[in-house]
Amino acid sequence: MNHAWVEPVIATLGLTLVTVLARSFFMLSERELPLPGWLRRGFKYAPLAALTAVIAPEILMTQGAPITTLLDARLPAVLCASAYYFWRRGILGTIVAGMSVYLPLHMVWGW
């Protein structure tokens, strides 16, 4: 009998347990945990830092190496999306503006 499925199941259950414990750690206590002011201020920037850590490599790198050409559809798309965001401050419009530049450049002209 093939038991190749055992290790992935154990890994998945272990990762699930660690994730649940880590995310519910602050809710387990009956009283509020005191946080230092510097940590409380730092938590305000955590979502922005996480988003930057995910998006920046996708924009600036291709297959693990920095982009070496300006003929990459992501660069004009990011510029247009950023310009739209600073003009209108809308997330949906920013996505539409960026993708309306990216898709033709990437799919039609092969950038």
Side-chain angles (χ1 to χ4, degrees):
M1 186 174 350
N2 187 0
H3 294 290
W5 60 271
V6 174
E7 286 182 7
V9 168
I10 291 172
T12 302
L13 291 174
L15 288 170
T16 302
L17 181 65
V18 168
T19 301
V20 168
L21 286 175
R23 291 179 179 256
S24 64
F25 178 73
F26 293 105
M27 293 183 283
L28 295 177
S29 178
E30 291 183 12
R31 61 181 176 86
E32 186 174 334
L33 296 172
L35 294 175
W38 61 269
L39 183 60
R40 196 177 302 262
R41 286 189 306 274
F43 278 155
K44 290 189 332 188
Y45 300 105
L48 179 61
L51 186 61
T52 302
V54 169
I55 292 176
E58 193 62 37
I59 294 170
L60 301 174
M61 300 178 80
T62 181
Q63 296 189 5
I67 294 174
T68 57
T69 179
L70 293 177
L71 293 178
D72 192 310
R74 292 174 287 185
L75 300 177
V78 166
L79 290 175
C80 290
S82 299
Y84 182 88
Y85 178 77
F86 287 114
W87 176 51
R88 300 293 287 189
R89 300 283 182 187
I91 297 298
L92 180 60
T94 301
I95 295 170
V96 170
M99 291 307 289
S100 65
V101 172
Y102 175 78
L103 287 176
L105 288 176
H106 184 68
M107 297 179 83
V108 176
W109 287 295
W111 282 23

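Numbers here simply count residues along the sequence, with the first being 1.
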Is Val78 reachable from Leu51 through a run of I, L, V, M, F, W or Y residues, each pair having side-chain heavy atoms under 4.5 Å apart? yes

Can you list the residues that meet the side chain to side chain contact (heavy atoms under 4.5 Å, CB included) rule with Leu48, with sequence neighbours excluded? Thr52

How close do Leu75 and Ile59 get, heavy atom to heavy atom, and via which atoms? CD2-O, 4.4 Å

Which residues pass the side chain to side chain contact (heavy atoms under 4.5 Å, CB included) test with Phe43, sequence neighbours left out? Leu35, Leu39

Under 3.5 Å, which donor-acceptor pairs do the side chains of residues 7-18 form with other protein atoms, sequence neighbours left out?
residue : atom : partner : partner atom : Å
Thr12   : OG1  : Pro8    : O            : 2.8
Thr16   : OG1  : Thr12   : O            : 2.7

How close do Ala77 and Gly98 get, counting heavy atoms only, and between which atoms? CB-O, 3.4 Å

For residues 83-90, please give each side-chain donor-acceptor pair under 3.5 Å, one per line with the distance, not counting sequence neighbours.
none

In the single-linkage hydrophobic clustering (I, L, V, M, F, W, Y; side-chain heavy atoms under 4.5 Å), do Leu60 and Ile55 co-cluster? yes

Donor-acceptor contacts under 3.5 Å from residues 101-111 side chains, at least two apart:
residue : atom : partner : partner atom : Å
His106  : ND1  : Trp111  : O            : 3.0

Test: side chain to side chain donor-acceptor pair (under 3.5 Å). Region: residues 68-78. Which pairs qualify, not counting sequence neighbours? Asp72-Arg74

Shortest non-hydrogen contact from Ala81 to Ala97? CA-CB, 4.5 Å

